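What follows is a set of notes on a single structure, which appears directly below.
Quantities reported herein were computed from a predicted structural model and do not represent experimental measurements. We number each residue from 1, following the sequence as shown.
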Amino acid sequence: MKKLLFISLTTLLFISCSNDDDVQPESIPEAFEKGILITNEGPFNNGSGTITYISEDYSTVAQNIYRTVNGKELGNIVQSMGFQDDNAYIVVSNSQKIVIANRYSFKSVDSINTGLQNPRYFIGADGNKGYVTDWGDPNDNNDDYVAVFDLRTNTISASVSVPFGPEKMVAYSNKIYVAHQGGFGQNNLISVISGNSVESSITVGDVPNSMVVAGNSLFVLCGGNPSYTGNETAGSLVKIDLSSGQVSNTYSFGATEHPSNLTMDGTNLFYSLDGKVYKLNSSAIALPGTDIISGFFYVLQAKDGLLYATDADDYASKGSLKIFDLSTNQQIQDFQTGIVPGGIYFNE
């Protein structure tokens, strides 16, 4: 394997500026395009989360890029990130804000500091609208909502009341599908938002934790209630017909099996279960599928024949991103990240 060059962004900026004292770091254009961005949650309740950048050709790794570019921390906890046009919307849950940066230079653009209580995930919609799931008070099951943002002014334009525990979202045909994992509890719903209101609700398995759109279908992976609840239920994979908004199939796992991290590449679905990654053909589903890779991974993303998987290690030390070639199921790269690498994004 070719030896990789690992250098920090600070070193990159020094090299770029060393022959011209008039050149400032801020003048370097699109330093982070065509690469992988990892959101690192950071230590819980203290310290700051960070973002790691890995170039498309794997030759450069830069840690804590937002602080390096802007001279300030993101906050606690960096929960997730989403894109709309040229901006990255970084959701910082414990700090109750969304930090907005140019997705290519990572220069600070703005921040949203009001109207958020426990934000979780952002998704951009057509036009100038964005949605953010929010638990409200995580101990109150009746105050959860989805905040609707006017991205021209970076202000909340509406607040959509939803069942408790809204988490990840996907967009399809001008609608937003919200998985209600359940916050500190457990839920079993998908809310369908159109504009500024809930159009319908779809009951799925317990604890829906991840979703992908495949053609005219929405696949929802449900972890099931964990054993510590005293009401353990099996995980399931639910297929929803997006034309009718109805569940078309439900595939059940074993009584004590709790899958997570559904992702898709081509016609194949991938997910995590009990220290293994499984592969399923989306057009001929037979659980559990084929186990292809061993490892306890925090997050999975499949793209263009590769599987990207983060390892949070002990959740207190720096984690890692591992990349596997899905044609051989062999690991081809391993990069250090920040503490608790919780999101994988492709900056194209």
Side-chain angles (χ1 to χ4, degrees), residues 26 32 37 39 41-42 48-51 65-67 69-138 140-181 183 190-199 342-343 345 347:
E26 289 79 2
F32 307 108
L37 295 168
T39 52
E41 295 176 14
S48 176
T50 65
I51 297 176
I65 62 174
Y66 183 84
R67 185 184 67 185
V69 171
N70 298 287
K72 55 186 176 182
E73 300 284 4
L74 280 167
N76 182 266
I77 294 281
V78 175
Q79 173 65 33
S80 62
M81 179 168 62
F83 300 129
Q84 181 75 345
D85 298 327
D86 289 344
N87 286 336
Y89 295 80
I90 307 160
V91 181
V92 191
S93 58
N94 282 4
S95 297
Q96 301 176 322
K97 65 181 180 179
I98 295 175
V99 175
I100 306 170
N102 180 281
R103 64 187 289 181
Y104 304 117
S105 69
F106 262 81
K107 294 178 190 175
S108 176
V109 172
D110 201 351
S111 63
I112 301 168
N113 299 290
T114 59
L116 298 170
Q117 190 170 354
N118 201 326
R120 305 293 295 171
Y121 292 90
F122 168 93
I123 191 170
D126 291 339
N128 298 299
K129 186 175 288 188
Y131 294 84
V132 176
T133 50
D134 197 304
W135 287 358
D137 179 347
D140 183 345
N141 288 350
N142 299 307
D143 67 346
D144 299 47
Y145 61 98
V146 175
V148 185
F149 286 93
D150 184 332
L151 301 182
R152 296 166 297 185
T153 60
N154 295 327
T155 58
I156 295 177
S157 58
S159 181
V160 182
S161 180
V162 295
F164 76 96
E167 284 279 278
K168 295 180 179 179
M169 297 172 283
V170 297
Y172 179 83
S173 190
N174 298 317
K175 297 178 183 180
I176 304 298
Y177 294 80
V178 183
H180 294 269
Q181 187 170 337
I190 302 294
S191 288
V192 184
I193 295 178
S194 179
N196 296 341
S197 62
V198 176
E199 178 182 278
Y345 307 88
N347 206 14

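A heavy-atom distance below 4.5 Å is not found between the side chains of Tyr131 and Val178. Two residues are said to be in side-chain contact when any heavy atoms from C-beta on lie closer than 4.5 Å; Ile51 and Phe106 meet this criterion. Counting heavy atoms from C-beta outward, Asp143 and Gln117 have side chains that approach closer than 4.5 Å. Between Asp134 and Leu116 the shortest side-chain heavy-atom distance falls below 4.5 Å. You'll find the side chain of Arg120 stays beyond 4.5 Å of the side chain of Pro166, heavy atoms only. Side-chain contact between Tyr66 and Glu73 is absent, with no heavy-atom pair separated by less than 4.5 Å. Looking at heavy atoms from C-beta onward, Ile156 lies out of side-chain contact with Thr114 at the 4.5 angstrom threshold. Counting heavy atoms from C-beta on, the side chains of Phe83 and Leu37 come closer than 4.5 Å.
Using bins of under 30°, 30° to 60° and over 60° for the plane-to-plane angle, the ring pair Phe122/Tyr89 lands in the parallel bin.
With rounding to the nearest 0.5 Å, the separation of CD in Glu41 from OG1 in Thr50 is 10.5 Å. Distance CZ/Phe164 to CG/Asn141: 4.5 Å, rounded to 0.5 Å. The distance from atom CZ of Phe32 to atom CZ of Arg103, rounded to the nearest 0.5 Å, is 13.5 Å. The OG atom of Ser48 sits 11.0 Å away from the CG atom of Asn94 when rounded to the nearest 0.5 Å. Between atom CD1 of residue Ile98 and atom CG of residue Leu74 there is a gap of 12.5 Å, rounded to the nearest 0.5 Å. To the nearest 0.5 angstrom, Ile90 atom CD1 is 11.5 Å from Ile112 atom CD1.
The minimum heavy-atom distance linking Asn113 with Ser111 is given by the pair ND2-OG, 2.7 Å. Contact between Gln96 and Pro119 at its shortest, heavy atoms only, is CA-CD, 4.1 Å. Nearest heavy-atom pair, Asn70 versus Ser108, reported as atom, atom and distance to 0.1 Å: OD1-N, 2.8 Å.
Judged by distance alone, with hydrogens and angles left aside, the side-chain atoms of Gln84 form no donor-acceptor pair with the main-chain N or O of Ile123 at under 3.5 Å. A donor-acceptor pair is defined here as one N or O able to donate and one able to accept, closer than 3.5 Å; such a pair exists between the side chain of Thr133 and the backbone of Tyr121. Between the side chain of Ser157 and the backbone N or O of Val148, at least one donor-acceptor pair lies under 3.5 Å. Remark: the backbone N or O of Gly343 is paired with a side-chain donor or acceptor of Thr39 at under 3.5 angstrom. Between the side chain of Asp140 and the backbone N or O of Asn142 there is at least one donor-acceptor pair closer than 3.5 Å.
Shown here are the side-chain hydrogen bond (donor to acceptor under 3.5 Å, both in side chains) partners of Thr153, two or more places apart in sequence or in another chain: Thr155. In this structure, the salt bridge (Lys or Arg N to Asp or Glu O under 4.0 Å) partners of Asp150, at least two apart in sequence or on a different chain, are Arg152. For Lys175, the salt bridge (Lys or Arg N to Asp or Glu O under 4.0 Å) test picks out Glu199, with sequence neighbours left out.
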